[in-house]
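Down below is the structure, laid out as structure tokens.
Values below: all heavy atoms of this structure, side chains included; hydrogens, waters and symmetry mates excluded.
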Amino acid sequence: MRVEIWSDIACPWCYIGKARFEKGLAAFAHRDEVEVVHRSFELDPGRAKGDTGLVVDMLAAKFGRSRTEALAMEEGVAANARSEGLGYRIEGRDHGSTFDIHRLLHLAKARGRQDELLNLSYRANFAEERSVYDQETLIALAVEAGLDEAEAREVLADADAYADAVRADEREAAELGANGVPFFVLDRRYGVSGGQPAEVFTQALEQAWQGRVITPVGGSSPDAGVCDPDGADGSCEIPQAGAHS
């Protein structure tokens, strides 16, 4: 069975959702027969390369909040990340175009190192003092993931390298009705939206394995979050008790 996951490195719920999905997968009896494929989704596809800024400042400007309020928004997401054992920095994180990261992830997929690069990129972006929007950082992450440095540099130097693959993933997401991430598609029969609890993913895997026709699951859990494109910047919903995304 194949599970396809549309996500963006800039999306904290993709970071959290990946960890929750992996816990759910670990509890699935047929986990060794599941192929996981990560697909591209840019929350801010129109953002120019090199146009970066602090996440907290972006949130404050976007939602018309004070910086203190924006920090509180980030702390709400951070609490969810930390509950999954994930590191999460609030101050100092930056925001920018993720197109080059997605192109490198397609190279990593071709070389069998996609999951390794994805994990390293998430950790660098959310937990470490490393900017994934800096080319040398991206090269270092690619090498850490097991990619050839020269090949990674060649891909980043050629704006067309894997660009069609990224765009194809994004078109497919639109065709499937995905307007936010993370978005999980199980065997092309069952869609799960948002960073659901691990047990929701286990149940979804079991139902998809049995071949049932099921209504897709949205953000039904108060702990599930979704990031969606909204104007110039991608926005991320912070779950509230009893809220539905």
Side-chain angles (χ1 to χ4, degrees), residues 1-25 28 34-47 62-63 77 80 97-99 101-103 105-106 109 114-115 118 122 162-240 242-245:
M1 183 168 70
R2 171 180 283 194
V3 176
E4 297 161 278
I5 307 173
W6 273 264
S7 60
D8 193 7
I9 291 297
C11 166
W13 288 109
C14 297
Y15 175 50
I16 295 166
K18 185 176 188 294
R20 291 177 173 175
F21 169 77
E22 288 171 352
K23 289 179 182 178
L25 179 62
F28 178 52
V34 175
E35 176 193 12
V36 178
V37 177
H38 296 281
R39 299 202 179 277
S40 300
F41 190 107
E42 293 171 275
L43 286 169
D44 195 357
R47 197 177 189 99
K62 183 178 183 61
F63 296 106
V77 180
N80 278 272
S97 170
T98 56
F99 189 59
I101 305 171
H102 285 296
R103 294 195 301 117
L105 284 166
H106 275 279
K109 178 183 175 184
Q114 186 184 48
D115 197 59
L118 187 60
Y122 275 139
Y162 294 102
D164 288 346
V166 175
R167 299 303 184 212
D169 279 355
E170 293 173 336
R171 285 194 301 271
E172 194 164 12
E175 291 166 3
L176 291 169
N179 53 18
V181 285
F183 186 65
F184 303 78
V185 176
L186 287 68
D187 225 23
R188 287 298 168 118
R189 285 198 301 267
Y190 188 15
V192 180
S193 177
Q196 301 285 345
E199 57 269 22
V200 172
F201 287 116
T202 303
Q203 180 186 30
L205 288 162
E206 290 170 350
Q207 292 176 332
W209 185 267
Q210 293 165 10
R212 297 176 184 174
V213 177
I214 315 159
T215 302
V217 175
S220 57
S221 165
D223 292 324
V226 176
C227 295
D228 61 271
D230 180 12
D233 297 293
S235 62
C236 294
E237 175 183 348
I238 300 173
Q240 304 294 329
H244 293 264
S245 60

Inset, instruction - Would you sort out whether Leu25 and Val3 count as a side-chain contact (heavy atoms from CB on, under 4.5 Å), showing the intermediate values? - result: CA-CA 10 Å; Leu25 179 62; Val3 176; over 6 Å; no

Legend entry - Verdict with reasoning, His102 to Arg167, per side-chain contact (heavy atoms from CB on, under 4.5 Å): CA-CA 10 Å; His102 285 296; Arg167 299 303 184 212; over 6 Å; no

Inset, instruction - Show the numbers, then the answer: is there a salt bridge (Lys or Arg N to Asp or Glu O under 4.0 Å) between Arg171 and Glu175? - result: CA-CA 6 Å; Arg171 285 194 301 271; Glu175 291 166 3; 5.6 Å; no

Legend entry - Glu172 and Arg188: CA distance, side-chain angles, deciding distance, salt bridge (Lys or Arg N to Asp or Glu O under 4.0 Å) verdict: CA-CA 12 Å; Glu172 194 164 12; Arg188 287 298 168 118; 2.4 Å; yes

Inset, instruction - Show the numbers, then the answer: is there a side-chain contact (heavy atoms from CB on, under 4.5 Å) between Gln207 and Leu186? - result: CA-CA 10 Å; Gln207 292 176 332; Leu186 287 68; over 6 Å; no

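No side-chain heavy atom of Asp8 sits less than 4.5 Å from a side-chain heavy atom of Asp44. Inter-residue side-chain proximity for Glu22 and Asp115 is flagged as met; some heavy-atom pair is nearer than 4.5 Å. Put simply, the side chain of Pro182 reaches to within 4.5 Å of the side chain of Cys11, judged on heavy atoms. Side-chain contact check for Val36 versus Phe21: some heavy-atom pair is nearer than 4.5 Å.
Comment: Glu199 does not engage Arg20 in a salt bridge, judged by the lack of any side-chain N to carboxylate O separation of less than 4.0 angstrom.
Taken from CG in Leu205 to CD in Gln203, the straight-line distance is 10.0 Å, to the nearest 0.5 Å. Between Leu176 atom CG and Arg39 atom CZ the span is 9.5 Å, to the nearest 0.5 Å. To the nearest 0.5 angstrom, His38 atom NE2 is 4.5 Å from Ile5 atom CD1.
Met1 approaches Trp209 most closely through the heavy-atom pair SD-N, 3.9 Å. Between Ala10 and Leu43, the closest heavy-atom pair is C-CD1, 4.5 Å. Gly194 approaches Phe184 most closely through the heavy-atom pair O-CE1, 3.6 Å. The shortest non-hydrogen separation linking Tyr122 to Lys18 is CE1-CD, 3.8 Å. Summarising the geometry of Gly24 relative to Thr202, their closest heavy-atom pair is O-OG1, 2.7 Å, with the distance given to 0.1 Å. Residues Gly180 and Phe183 share a closest heavy-atom pair of O-CB, 3.8 Å.
With Arg189 contributing its side chain and Ala208 its backbone, the two residues share a donor-acceptor pair below 3.5 Å. A donor-acceptor pair is defined here as one N or O able to donate and one able to accept, closer than 3.5 Å; such a pair exists between the side chain of Glu170 and the backbone of Glu42.
Partner of Trp13 under the side chain to side chain contact (heavy atoms under 4.5 Å, CB included) criterion, out of Val181, Val226, Asn80: Asn80 alone.
Counted within 6.0 Å of CG on Asp187, heavy atoms from surrounding residues, nucleotides or ligands total more than 12; the atom is thus considered enclosed.
Side-chain atoms of Ser40 and His106 include a donor-acceptor pair closer than 3.5 Å.
Ala173 meets the side-chain contact (heavy atoms from CB on, under 4.5 Å) test with Trp6, Phe41, Ala178; sequence neighbours excluded.
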